[in-house]
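To start, the structure under review is shown below, and the notes come after it.
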Amino acid sequence: MTEMARPTQPVLSIRDLRVATRGREPSKILKGITFDIQPGETLCLVGESGSGKSVTSLVAMGLLPRDELQATGGTVLLNGEDILTATPSRTKALRGAEMAMIFQEPMTALNPVLTIGLQMDEVYWAHTQMRPKERREAALAAFEAVHLPDPARIYESFPHQLSGGQRQRVMIAMALALKPKLLIADEPTTALDVTTQKQILSLIRELQDKQNTAVLFITHDMGVVVDVADRVCVMRRGEIVETGPVEQVLSQPQEAYTRDLLQAVPSLVPRAPRAPAQEAEAVVEIRNLEKTFSFSSLFGKLMGRDIRTVRAVNNVSFKLARGRTLGIVGESGSGKSTVARCLLRLEHPTGGEIRVNGQDIALLEGQAALAPARRRVQMVFQDPNRSLNPRLRIGESLIEGPLNLGEDRASALKRASELVEVVGLPRTSLERFPHQFSGGQRQRIAIARALMMEPEVIVADEAVSALDVSVQAQVLALLAEIQQRRNLAVLFITHDLRVAAQICDEVMVMQRGRVVEDGPASEVLARPRHDYTRALINAAPGRDWDFAAGRRIAGADA
Amino acid sequence: MSASSNPMQVTLPRRRLLQNPPHWTTVLAVIVLLAVVAMAVFAPLLANFEPTKLNAAMRLKPSSDTYWLGTDSFGRDLYSRVVYGARVSLLVGAGVAAGAILIGLPLGLLAGWYRGIDGVLMRMMDGLMAIPGILLAIAIVALTRGGLVTVIFAIMIPAIPQVVRLVRARVIAAREETYVDAAVLLGTPPAKLIWKHLLPTTIAPLIVQGTYMYASAILTEAALSFLGVGIGTEIPSWGNIMAEGRLYFAINHWLVFWPAIVLSLCILSINLLGDTLRDRLDPKMQGRNA
Amino acid sequence: MASYFLRRLLMAIPVMFFVALFVFLLLRLTPGDPAQAIAGDQATPAQLAAIRENLGLDKPLTSQFVAWIGAMAGGDFGHSLISQRPVLEMIGQRIGPTLALAVMAMIFTVVISLPLGVLAAWRHGGLVDRFVMALSVVGFSVPIFVIGYVLIAVFAVDLKWFPVQGYKPLSEGFGPFLHRILLPGLALSSFYIALVSRMTRASMLEVLREDYVRTARAKGLGERVVLFRHALRNAAIPILTVVGTGFAMMISGVVVTETVFNIPGLGRLVVDGVLARDYPLIQAIILLTAGTYVLINLLIDLSYALSDPRIRYQ
Amino acid sequence: ETTLNVVMQAPLRTLDPILSTAQIVRTHGFMVFETLLGMDAKYNPQPQMADYTVSADKMTYTFTLRDGLKWHDGTPVKAEDCVASIKRWAANDGAGRTMMTYVASVEATSDKQLVIKLAKPFGQVLELLAKPSPVPPFMMPKRLAETPAGQQVTEMIGSGPFKFVADQYRPGDQAVYVKNSDYNPRPEPMSWTAGGKVVNVDKVVWKAMPDMQTSINALQSGDVDLIEQVTIDLLPLLTANDEIKTGAINALGSQVTGRFNHRLPPFDNPKVRQAAMYALDQDQLMQTAIGDSQYYKLCASVYGCDVPLASDAGSEYLKGSAKERLAKAKELLKASGYDGTPVLMMQPTDLTILSTQPIVAAERLREAGFKVDVAAMDWATLQSRKNSTQPVAQGGWNMLFTYWGVSGIWNPTVHALLDGSGSDTAWSGWPRSARVEELRSAYLTAPTLDEQKKIAKEIQQIAYDEGFYFNAGEFQSVAAWRANLKNLQPGPLTLFWGVSK
Ligand SMILES: Nc1ncnc2c1ncn2[C@@H]1O[C@H](COP(=O)(O)OP(=O)(O)OP(=O)(O)O)[C@@H](O)[C@H]1O
Ligand SMILES: Nc1ncnc2c1ncn2[C@@H]1O[C@H](COP(=O)(O)OP(=O)(O)OP(=O)(O)O)[C@@H](O)[C@H]1O
Ligand SMILES: [Mg+2]
Ligand SMILES: [Mg+2]
């Protein structure tokens with residue numbers, strides 16, 4: 001990988017890039033960023049959430065939201081061509097074919113009203129001469145390549161019918177479709193289970209080998225960095241604080257910030273089990289939960305054509321006790337989010353019982369009937385962007401729940417301002433609107449909103465996936481503290497086995513709608529019994545690197 | 001947690017409708033609208049003649065020193081009539097638009113949110129839409145004796161279903177959003193949820209629809225006047241000045257154009273204000289100076 | 001879904017019943033006398049009485065209503081009081097031109113205002129945006145008859161491209177039909193072009209800031225595809241609503257256009273009917289429009305589900 | 001094939017010319033049907049379908065149908081058809097009904113001959129059978145004429161010079177007539193509805209065009225050949241065009257009348273009525289409604305300005321400048337004891353020709369000291385409200401304006417506003433004058449024109465003194481046609497024979 005010839009031109013060359021917000025009091029977002037990516041090279045951009053990683057990649061694509069942000073200085077050269085001054089038709093031609101991007105938030109990045117198939121098809125349609133049939137075949141093959149199950153179904157589905165990870169894979173398939181010279185991947189695997197993640201990463205590697213593609217890879221997962229990076233740039237507050245070859249940065253970090261970051265990477269080894277609470281009282285109990293989605297096109301329904309069904313959840317049972325954390329890990333698309341949504345009755349389960357404090361709410365109808373149960377349970381959605389009303393200031397969103405419970409505005413606001421600081425955001429965030437935040441910042445806001453309610457149960461669906469490890473550590477610590485204090489029960493859905501290992505008491509592994517294994521975290525993660533669980537643990541990225549020590553773990557097979 | 005002045009006190013800024021210095025077009029729009037309202041209020045001071053004062057010998061005269069904008073087919077002073085016409089027209093236009101929105105908006109929100117009442121309510125609206133305004137107006141006038149209120153009602157009632165449909169459509173789409181689910185989980189009661197999360201999504205289209213209803217009400221009022229419903233043709237309104245002018249359009253189109261020009265100015269101003277309002281309510285436009 | 005469709009169609013029956021009742025009462029409450037419309041204003045009271053008796057207008061309201069509803073249920077819409085022609089025949093003679101006019105106007109509206117609205121939102125504050133603003137000002141505040149007169153004066157009288165008035169049914173050939181319906185269609189659509197282009201602009205402005213629009217651009221799609229496929233589809237719901245209700249309102253709001261262009265349509269028939277108090281005629285027309293509205297609105301609702309797959313109906 | 005495309009002044013919505021008093025239906029009647037007698041330009045009855053003889057005592061009228069008359073369905077016209085037609089007509093028409101009170105019998109004595117025998121002397125038989133005013137006694141086949149009085153005849157089978165094309169009829173929009181090739185015109189020259197009706201076109205198409213501008217465009221582009229009635233203010237648009245001619249083809253004008261309701265205050269007081277008459281001003285009313293003074297006439301005659309019965313009795317009520325009249329009105333009103341009861345003036349806003357007068361009148365009445373409410377309403381509402389004898393609060397009225405074709409008012413027999421009976425069956429307004437009733441009866445039997453004139457004049461004077469109604473003047477309707485139309489016939493209404501294209 002390092003045998004690139006010296007004189008070759010970098011694919012992407014960023015020099016002293018500066019970006020600021022528009023408006024009367026511009027604030028600086030990027031304060032002079034400089035880096036190059038050579039053909040075939042993978043540059044990992046890591047660093048603090050909100051440090052400007054996504055903005056950097058948007059500039060490179062020429063997609064900066066012009067009404068709000070503006071590049072105030074510097075150059076961005078793609079194969080020697082300045083993107084900042086290129087004509088719209090030129091950038092259009094470059095996008096897709098020359099450079100492609102996988103966006104951070106796949107949930108909002110796909111058009112909700114167009115089928116996945118059409119959105120994929122467009123990529124070929126815009127840049128190749130293929131005929132419709134060929135395009136369809138190519139699309140199905142691409143879906144296959146990113147390990148989407150039942151590509152034909154996916155092809156006909158709409159985005160809302162896919163799980164988070166499935167959408168992310170669709171985005172990846174789109175970006176890879178034309179084998180671009182430059183691939184920008186903004187946290188491309190946050191919603192993927194580790195086995196799938198591994199397959200995706202090797203897919204990108206394959207492309208790189210064949211096409212000499214340059215990859216700008218943004219991630220918070222240090223394990224992934226270990227596995228994919230040639231070089232690493234560490235960003236903080238709009239600046240690059242450290243840059244260098246991956247081994248060097250990971251083993252001999254120069255900056256204190258980098259060192260802190262590496263220290264914060266959770267270990268894969270499960271923590272010591274906590275003493276089970278005395279006669280652990282189950283706040284939530286799920287019995288034989290079933291959920292089948294049926295869908296077909298509108299015309300199909302009118303014509304009485306066969307309705308297709310997806311068994312998203314199949315006979316799932318579990319108990320969640322006060323003060324405990326239950327982790328759900330497993331394959332992407334295995335029904336984890338669906339279980340969570342059913343628990344909160346945002347979906348009608350097709351079968352089974354959902355007991356909250358002993359009361360079965362599976363069959364209740366109407367907001368009023370569900371309100372008491374819902375008050376105890378809060379959810380952090382997998383999709384923080386969509387779960388915040390874009391028209392409301394963050395402050396309004398945060399105090400909405402407390403106001404509903406009768407708290408007065410001033411005290412709710414005060415609590416909100418304290419809480420945003422606790423999750424690592426400035427107080428002034430309360431005055432801003434959701435779109436003015438980075439992905440990780442929004443996720444923290446969503447967490448803060450759930451915490452504001454002081455619930456008995458929190459269902460956290462991929463709640464920390466977009467956070468850098470140090471912020472992640474803070475947020476998890478906060479969660480643990482509240483759990484301790486308020487005897488909170490947590491249902492924690494995650495793909496990050498390191499996180500699961502550190503915070504879960506019990507772990508449940510799901511695959512294709514079923515629970516394949518469950519038990520105490522120390523058992524399941526340390527001594528997996530089921531094949532799938534084993535495969536999962538083996539696929540965990542960066543297994544062979546000890547971040548605390550800054551070296552490879554001897555004897556671990558890569 | 002003392003109640004004394006707390007340096008940590010946090011408040012959220014209200015929507016910035018007035019804070020930034022408004023764009024010059026907005027200022028102009030406000031000035032025009034105020035001027036038209038003033039014209040209506042101070043019509044007796046501004047007008048040169050009684051608007052009903054007729055002079056058969058001076059029919060259809062072009063503009064002159066005495067008759068600034070000329071005279072109509074009764075020999076009445078067009079300028080004075082246009083000035084006085086602002087009274088009825090502004091009331092009818094604003095009355096209809098405001099009324100239809102005040103009634104239609106809540107109904108649309110309810111129909112969109114509560115599937116249970118959607119069917120019945122919307123079918124009622126279908127039925128309401130089918131009843132011609134003329135017929136309704138004639139009947140109401142027969143029952144109540146005509147007048148401004150009658151006219152406003154007769155025009156407003158067929159307009160209500162349009163508002164309801166528009167609002168409902170937005171709500172139906174918005175209720176599938178995750179942030180609505182989130183609000184439900186936060187225990188937001190339906191009324192507040194509708195108010196805070198659903199209502200704002202309907203504002204941009206409602207501004208457009210409202211402008212449209214304002215304008216069409218002013219023109220419809222004339223149509224009704226000519227069927228003898230309501231205000232009658234003696235009292236001037238922009239609508240009935242234009243409708244009367246229609247007969248003489250080929251020989252003196254200013255009879256139609258003068259009121260149309262004033263009306264255009266109003267519509268332009270309302271449009272500009274609507275745009276400003278829309279932009280100010282759009283969080284993604286908050287950073288801009290416009 | 002199929003059952004939803006059926007249920008909605010069945011709902012038309014109660015809707016039409018209540019509309020029937022309402023309109024029936026409304027009509028009887030309005031002063032005016034069909035007998036007078038038949039006999040003219042010089043008729044003697046005796047003559048009027050004879051005509052009223054002959055038409056059954058002297059019978060009590062309830063029995064008139066029952067008789068009418070009964071006949072309706074048997075598919076008999078009755079005869080016009082004034083012309084004594086079967087009501088359905090009269091509507092049949094007049095519905096074609098109106099439908100043609102409304103469809104033409106709708107085509108104009110959609111073809112002109114969608115692109116305009118989309119472009120106006122795309123270049124917010126730009127030239128097209130200003131143009132759309134101007135268009136909406138003119139469209140809203142200039143009465144249709146003026147637009148009609150001006151169109152006729154320019155294109156028919158001066159340039160002689162089109163006939164000055166009149167209507168030819170489609171059965172006389174598409175060319176002549178189009179030749180006569182084009183100007184009236186344009187005049188009628190002026191109002192709606194203004195409305196729909198502003199509505200399109202307003203809802204596009206919201207959608208254009210969404211992430212998926214950015215994705216579409218990132219794919220290297222042309223602006224045309226980005227705007228019309230990705231953004232417009234998402235902005236469609238309010239637009240479909242105004243287009244749909246606009247179409248429905250057009251069917252009853254074409255009087256002025258029909259008058260100015262001398263098109264023998266339903267609009268004029270309705271006004272004539274109301275002015276002459278031709279009860280059965282008005283009742284039948286309103287019932288038919290009520291039925292049509294139920295259908296059109298059903299189609300609008302289905303189109304929501306088509307344009308946004310997240311929308312579900314039970 | 002020549003087609004005459006005509007924009008008529010009003011749409012044709014009903015077809016039975018016996019049941020309707022509307023001018024458009026009467027015009028339609030003259031296309032399809034004929035009368036036994038016609039009326040010539042000198043106001044004299046002349047033979048049309050039948051020649052007649054009158055017995056010396058003037059008590060027996062014998063009509064002999066001329067040869068070759070056929071109904072449009074091909075059957076011959078028989079005397080019994082005419083008997084049935086006369087009876088149905090008489091049941092509907094006011095004057096006809098009066099006539100029947102003098103008639104002993106109407107009988108067919110053979111297929112060709114019918115006889116009317118009088119019971120009492122009656123001088124108007126021929127005039128009534130020839131009248132082109134509402135409602136002319138049109139002849140129909142017996143089976144149609146036997147339709148009950150209140151029911152419309154919908155099958156258009158007449159014996160006239162045109163045949164009605166039923167399947168191209170669109171009520172309110174279009175009526176089509178084709179030349180009746182079986183029609184055999186009389187040998188005499190045409191004169192109004194008398195004489196030979198020679199049809200020179202193959203087809204006549206009537207169009208309703210509610211928009212005058214559209215009609216004018218259509219005339220200029222050649223889409224239509226004739227506009228029956230043009231808005232006078234718009235005439236300048238046409239006079240500039242060489243291809244277009246304008247003029248009056250309807251020889252008779254129409255009188256605009258302001259009717260007082262004699263049953264309700266304030267117009268139950270004759271002094272108040274007189275004050276109102278002085279307040280109103282003919283010239284002002286006509287000028288605002290018509291515009292060009294070339295097309296209206298101001299005269300005192302209640303029977304029309306140019307008819308044989310015309311006189312200037314009562315003209316003192318109309319004379320004087322507007323100012324003098326107003327002063328007089330104020331004075332009279334003060335003297336009348338007017339208590340400020342508002343005058344409810346009905347304004348038919350959808351009828352252009354009558355929507356201006358109430359406004360002008362109201363303005364003048366107010367200046368004279370009246371309180372006036374102008375109640376705007378549609379024509380249909382006005383028509384039924386005018387029949388109400390209730391107080392204003394319960395749907396009554398005080399004053400309204402109408403207009404009457406001169407053929408409908410040209411003598412005291414047909415002039416509905418001169419009915420002085422005050423009975424409910426009279427035309428709205430209900431003035432009461434025993435003397436007028438006496439005179440109207442006398443008129444029916446008056447043997448000579450001079451005597452008729454004398455009676456008519458006295459009636460006129462009383463009508464003014466008593467304030468039966470305000471005579472606002474007479475206007476002429478102006479037609480416009482393409483210059484290639486020849487021989488347009490003047491008549492008491494628009495006639496389509498004689499004209500060629
Ligand atoms: N439209 C905007 N207006 C104002 N500020 C913005 C806007 N978009 C982003 N920012 C700010 O710019 C900074 C950088 O955002 P960016 O999305 O690049 O962060 P990031 O490094 O990708 O973070 P994360 O890892 O959480 O996704 C953040 O502090 C964010 O609040
Ligand atoms: N509304 C829907 N209609 C049809 N199918 C759906 C719908 N929502 C989810 N599914 C399907 O149900 C399955 C489970 O989805 P779910 O979102 O629960 O997965 P997940 O375990 O949360 O996956 P991920 O980790 O990728 O988020 C997926 O195959 C998805 O395609
Ligand atoms: Mg980011
Ligand atoms: Mg999920």
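Chain letters run A, B, ... following the sequence lines, proteins first and then strands; every chain starts at 1.
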Exercise. For D/Asp350, which residues count as a side chain to side chain donor-acceptor pair (under 3.5 Å) partner, sequence neighbours excluded?
Worked result: none
Problem set entry | Nearest heavy-atom neighbours spanning D/Pro134 and C/Gln42 | CG-OE1, 3.1 Å
Exercise. Under 4.5 Å between any side-chain heavy atoms of D/Pro210 and C/Arg268, yes or no?
Worked result: yes
Problem set entry | Contacting region of C/Leu55 [heavy-atom separation from chain D under 4.5 Å] | neither
Problem set entry | Contacting moiety of C/Phe145, where chain D heavy atoms sit under 4.5 Å | neither
Problem set entry | Heavy-atom contact with chain C under 4.5 Å, split by part of D/Ala91 | neither
For this session: Calculate, to the nearest 0.5 Å, the distance between atoms CD and NE2 belonging to D/Gln152 and C/His79 respectively.
Result: 11.5 Å
For this session: Starting from the C-alpha separation in whole Å, work towards a yes-or-no answer on side-chain hydrogen bond (donor to acceptor under 3.5 Å, both in side chains) for D/Gln151 and C/Asn54.
Result: CA-CA 6 Å; D/Gln151 188 178 323; C/Asn54 186 270; 3.3 Å; yes
Exercise. Counting heavy-atom pairs under 4.5 Å to chain C, which of D/Lys207, D/Lys386, D/Gln23 comes out on top?
Worked result: D/Lys386
For this session: Among the options D/Thr425, D/Val224, D/Asp211, D/Asp16, pick out the one with the most heavy-atom pairs lying under 4.5 Å from chain C.
Result: D/Asp211
Problem set entry | Distance (rounded to the nearest 0.5 Å) between C/Lys160 NZ and D/Ser221 OG | 8.5 Å
For this session: Check whether any side-chain N or O of D/Gln213 sits under 3.5 Å from a backbone N or O of C/Val260 as a donor-acceptor pair, and report yes or no.
Result: no
Exercise. Taking all atoms of both residues into account, what is the closest heavy-atom pair of D/Asn217 and C/Val157, and its distance?
Worked result: OD1-CG2, 4.1 Å
For this session: Apply side chain to side chain contact (heavy atoms under 4.5 Å, CB included) to C/Ile38 and D/Leu19, showing your working.
Result: CA-CA 7 Å; C/Ile38 294 170; D/Leu19 213 54; 4.2 Å; yes
Problem set entry | Atom of C/Arg94, atom of D/Pro171 and distance for their closest heavy-atom approach | NH2-O, 2.9 Å
For this session: Could you tell me which of C/Ala49, C/Ala50, C/Ser80 has the largest number of non-hydrogen atom pairs under 4.5 Å with chain D?
Result: C/Ala50
Problem set entry | Validation row: D/Asp173, C/Glu258 side chains within 4.5 angstrom (heavy atoms) | no
Seminar exercise, completed: Counting heavy-atom pairs under 4.5 Å with chain D, the top scorer among C/Glu89, C/Gln84, C/Arg277 is C/Arg277
Exercise. Is a donor on one side and an acceptor on the other found under 3.5 Å between the side chain of C/Ser83 and the backbone of D/Arg13?
Worked result: no
Problem set entry | Approximate separation, where rounding is to 0.5 Å, of D/Arg170 CZ and C/Gln93 CD | 6.5 Å
Exercise. If every non-hydrogen atom of C/Gln47 is compared with every non-hydrogen atom of D/Ser20, which pair is closest and at what distance?
Worked result: NE2-N, 4.5 Å
Problem set entry | Which atoms of D/Thr381 approach chain C - backbone, side chain, both or neither, heavy atom under 4.5 Å | both
For this session: Check whether the side chains of C/Asp41 and D/Tyr403 place a donor and an acceptor atom closer than 3.5 Å, and report yes or no.
Result: no
Exercise. Is it the side chain or the backbone of C/Ile263 that comes within 4.5 Å of chain D heavy atoms, both, or neither?
Worked result: neither
Exercise. When only pairs under 4.5 Å are counted, which of D/Leu382, D/Thr402, D/Asn92, D/Asp93 shares the most heavy-atom pairs with chain C?
Worked result: D/Asn92
Would you tabulate the side-chain donor-acceptor contacts of residues 163-182 of chain C under 3.5 Å, counting partners in other chains and residues two or more places apart, or write 'none'?
unit_1   : atom_1 : unit_2   : atom_2 : d
C/Gln165 : OE1    : C/Asn262 : ND2    : 2.6
C/Gln165 : NE2    : D/Asp223 : OD2    : 3.1
C/His179 : NE2    : C/Trp161 : O      : 2.7
C/Arg180 : NH1    : C/Gln165 : O      : 3.1

Seminar exercise, completed: Taking a cut-off of under 4.5 angstrom between non-hydrogen atoms, the residues of residues 412-424 of chain D near chain C are D/Asp424
For this session: Specify which of C/Val256, C/Leu269, C/Ile82 makes the most heavy-atom pairs with chain D at under 4.5 Å.
Result: C/Ile82
Quick one: side chains of residues 24-37 of chain C, donor-acceptor pairs under 3.5 Å with protein atoms, not counting sequence neighbours, listed by atom name and distance.
unit_1  : atom_1 : unit_2   : atom_2 : d
C/Arg28 : NH1    : C/Gln64  : OE1    : 2.5
C/Arg28 : NH2    : C/Gln283 : OE1    : 2.8
C/Thr30 : OG1    : C/Leu27  : O      : 2.5
C/Asp33 : OD1    : C/Ala35  : N      : 2.9
C/Asp33 : OD2    : C/Arg52  : NH1    : 2.0
C/Gln36 : OE1    : D/Asn387 : ND2    : 3.1
C/Gln36 : NE2    : C/Gly40  : O      : 3.3

